[in-house]
Amino acid sequence: MSNFPDIIQFNLGVYVNNIVEWLVANGESVFDAITRGTLSFLLAIQNFIMWIPWYIIILAVVLLGIYVCSWKSGVMYGVMLFIIGGMGLWEEMAITLAIVITSVLISVVIGVTLGILAAYSKRASSFINPLLDAMQTMPSFVYLIPAVMFFGLGMVPAVFATIIYATPPAIRLTTLAIREVSEEMIEAAHSFGSPSWKILMQVELPQAFPTIMTGINQTTMMAMAMVVTSSMIGAKGLGLNVLTSINRLDVAMGFEAGISIVFLAVIIDRLTQGVANKFNYHNESVE
Amino acid sequence: MEAKIKVDGLVQIFGNKPQSALRRLRKGKNKDEILKETGQTVGVSDVSFDVYDGEIFVIMGLSGSGKSSVIRCLNLLNKPTAGDIYIDGENIVKYDKKQIRKMRQNKIAMVFQHFGLLTHKTVLENVEYGLGVRGVDPEERRKIALENIETVGLSGWEEMYPNELSGGMQQRVGLARALANDPDILLMDEPFSALDPLIRREMQMELLGLQSKLQKTIIFITHDINEAFKLGDRVAVMKDAKIVQIGTPEEIIESPSNEYIEDFVKDIDRTKIIQAKNIMTKSTALVSLKDGPSVAVKEMRANGIASVFVVDKGMKLQGIVTIEDAIAAIKEKKKLEDILRDDYFTTSKEEYVQELIEDASETKYPIAVTDEDNKLLGVIVRSSILSGLI
C-alpha cells in the first residue's frame, strides 16, 4: 500500500478560514446592512402573502393556471394549495415562499447580469464558468458555515446559501440564450443604426426571454430544494417542519411538510414554465 | 456622371493578424498562399467599383467569393482592413461610431437572405423598427409603416407575426422595413435565394416594378447568374475575393473576360437577356411614302430583299411593300399607298428576343422596331433572331 508522503503537506482550508474571518471582522457594518435590508424585504413579502386572504391566493393561482396551462391544471393547483392550508401549514408556506421568492429575485438579477456579461465577453465567461462549476458541485452544507458567520442565524443566511446554490442555471441559460439569438437578426438591428445597448434591450433580451425563463424556472426549483437544508441554520417554514419531524421521528408531520414542499414546487414549476411557453410561441419556426 | 458609391481598393481580411496578411497581399500573393502562411482569410481582395445613382448594381459570385463581405463593408457591418468607400463623396471608412449610426439610419438600408426579421414583433412593428431607431414619433411611424406595407402588398397582415407568414411574405416585410426609412441606397444580400423559384421570379419582377417608381441605388447580391442579368443594370462577377469583370449583361455575354465567366455565361438563356435593340439593324433600305413603286423596286433590288418598309417624312412607319406588289403596281400604274400591307410585326427596342421568336416564325417579313411615336428605329431579320439563340 502506498500512501501520499506525510512530508508534503499544506492546508488550503486555513487560508479560506483566514479570509472568512478577516471578512467577518472587517466587513461587519456591510454585512449588517445587507442583513437588515434582506430581512425587511423578506418580512415584507411574508407579511404581504399573509395579508392577502387565503381564498384570493388560491383563486389567483387557479386563474393563472387556467391561463398559462389548462383548465384542469388550474383547478388542481388550487386543490393543492387548499390541502396545504388544511394541514395547518399556511404560515409555514408563506415563510418558505418568502425565502424562495427573495432568493430567486436576487439570483435572477445577479444571474441575468452575469449571463449577459459572459455572453458578450470571452474573458468574463472564462472566469465565470469554472466558478459556476464550483458553485454547482460544492456540497451545499459547506457554504452554510460562512453564511452563518456573515449573516448570523435565521432567514438571511438561508437566502445567501440559496442564492449560491440556485444562481448558476440562471447565468448559464442567459448566456446560452443570448449567444443563440440569430446573427442575422442582430446584423439587421445594427444595419438600422441602433446603438448596442438598445439592441440588447429590444432584440437580444426579448429573443432570449423564453430560454431565460427556463433558467428562472430551474433557479426556482433549486431554491425549493434548498428549503430543508437551510432550515438547519435557523430558517423557519416548511423546511423546519421536516427537520423537526426527523428529530422526533414523526412520520405524519414529515409527510405533511414534505408533500407541501412537493405541491409548492409543482405549482411554481408549472406556472413559470407555462409563462415561458406562452412567450415561446413566436419563435417556434425561426430558421 | 458622379458616382453615388465609389469603392476604391477595398480589402477585408478575417483573422487576428490582418496586417501581416495585407502585406503579403500587396506583394501579390493569392488567397490560398496567404491562408497557408498566416492563417488569415482574405474575404475581399482589392476590389474597386463605382455605383451610379438610381442603378441596380449586381454583385454575382459563388459562395465564398466574397460578395457578402463586400456588401457588408458598404454599411460597415464589416470593417474594411484597407481601402476607401465614398458615398456621396464622403469617405465612410473614416466615420466614427456616431456617424456610422447616422448613415445607417438615414442613407442606407439592408435586406437579408434569411430576412432578419424580429420574430417577437408583429409585421407592423418590424416595419416600424428602423423609424423607431431614428426617433420618429409613434403616429408618424405608424403612418409611414402602413404605407410601405401597402407598397409591398401586405395590407391586412400587419398584426401577424413573421413566423406565421410564408417565406416570400417575410421577405416583403424585410423589404418594407428597409424602404420605410426611405434610404438612398438599398443593400440586398441574396434577398430571394431562400425563396422557391416561382416566388423568386415574382419577387424579381416586383422589385423591378418598385425600382422603376422609386429609383433607389440598389446593390444586389446573388449567386444566380440568371437573376443577376435579369435585374442588373450592371453586373460585377466575383471570384476568389476579386472582381473578375464588370459590365452590362450584354457586355458580359458578348465578351466574357475569361474562361470562368464564359463557363457561367454558357448556362444563360441568351434570349432572356438580349433585347431587340442588340440585334436590330438600322435599316438602310427604306422607301419614302412620296416615292413611287418603281423606287421601291429599285431599293429592293439594290439590297437583295423581297420587301421594304415605307416611312413618311418624320420616319414614321406607314407599312410594308413586297416586290411582287410593287412590280404589279408599276404595270397597273398604282400608287405606293394602294399596295401598302400591314401584316408585319412591330416591337419596342427593349423587347427580349425570347418574345420575338414566335413572331419571327409566323411572318415572312422582317420585324420592325419602333418607338412609342411609331418611328422606325431599325429592323430585325429572322436570321439575326436565330443567331441570337447561340
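Here is how names work: the chains are called A, B, and so on, in the same order as the sequence lines, proteins then strands, and each is numbered from 1.
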Given a strict heavy-atom distance threshold of 4.5 Å, which part of B:Leu187 is in contact with chain A: side chain, backbone, both, or neither? neither
So, A:Thr214 and A:Thr211: side-chain donor and acceptor under 3.5 Å apart, yes or no? no
Side chain from CB out, backbone as N, CA, C, O: work out which of these in A:Glu183 comes under 4.5 Å of a heavy atom of chain B, or both, or neither. neither
Residue, of B:Lys97, B:Arg177, B:Arg134, B:Met103, that accumulates the most heavy atom pairs under 4.5 Å with chain A: B:Arg177
Are a donor atom and an acceptor atom from the side chains of B:Glu158 and B:Thr122 found within less than 3.5 Å of each other? no
Among B:Lys121, B:Lys102, B:Gln113, single out the residue with the greatest number of heavy-atom pairs under 4.5 Å to chain A. B:Gln113
B:Arg72, part contacting chain A, at a heavy-atom distance under 4.5 Å: side chain
Specify which of A:Ser194, A:Pro195, A:Gly193 makes the most heavy-atom pairs with chain B at under 4.5 Å. A:Gly193
If only side-chain N and O atoms count, and only distance matters, is there a donor-acceptor pair under 3.5 Å linking B:Thr81 with B:Gln12? no
Given that the side chain runs from C-beta out, which part of B:Phe112 has a heavy atom under 4.5 Å from chain A: side chain, backbone, both or neither? both
For B:Asn181 and B:Asn106: C-alpha separation, side-chain torsions, deciding distance, then whether side chain to side chain donor-acceptor pair (under 3.5 Å) applies. CA-CA 7 Å; B:Asn181 266 19; B:Asn106 297 307; over 6 Å; no
Can a side-chain donor-acceptor contact be found between B:Gln40 and B:Asn16 if the only test is distance below 3.5 angstrom? yes
Using the ring centroid of each side chain, check whether B:Phe192 and B:Phe220 are separated by less than 6.0 Å. yes
Is the closest side-chain donor-acceptor distance between B:Glu125 and B:Tyr161 under 3.5 Å? no
Structural part of B:Ile100 lying under 4.5 Å from a heavy atom of chain A: neither
Per-residue contact mode, B:Leu76 against chain A (heavy atom under 4.5 angstrom): neither
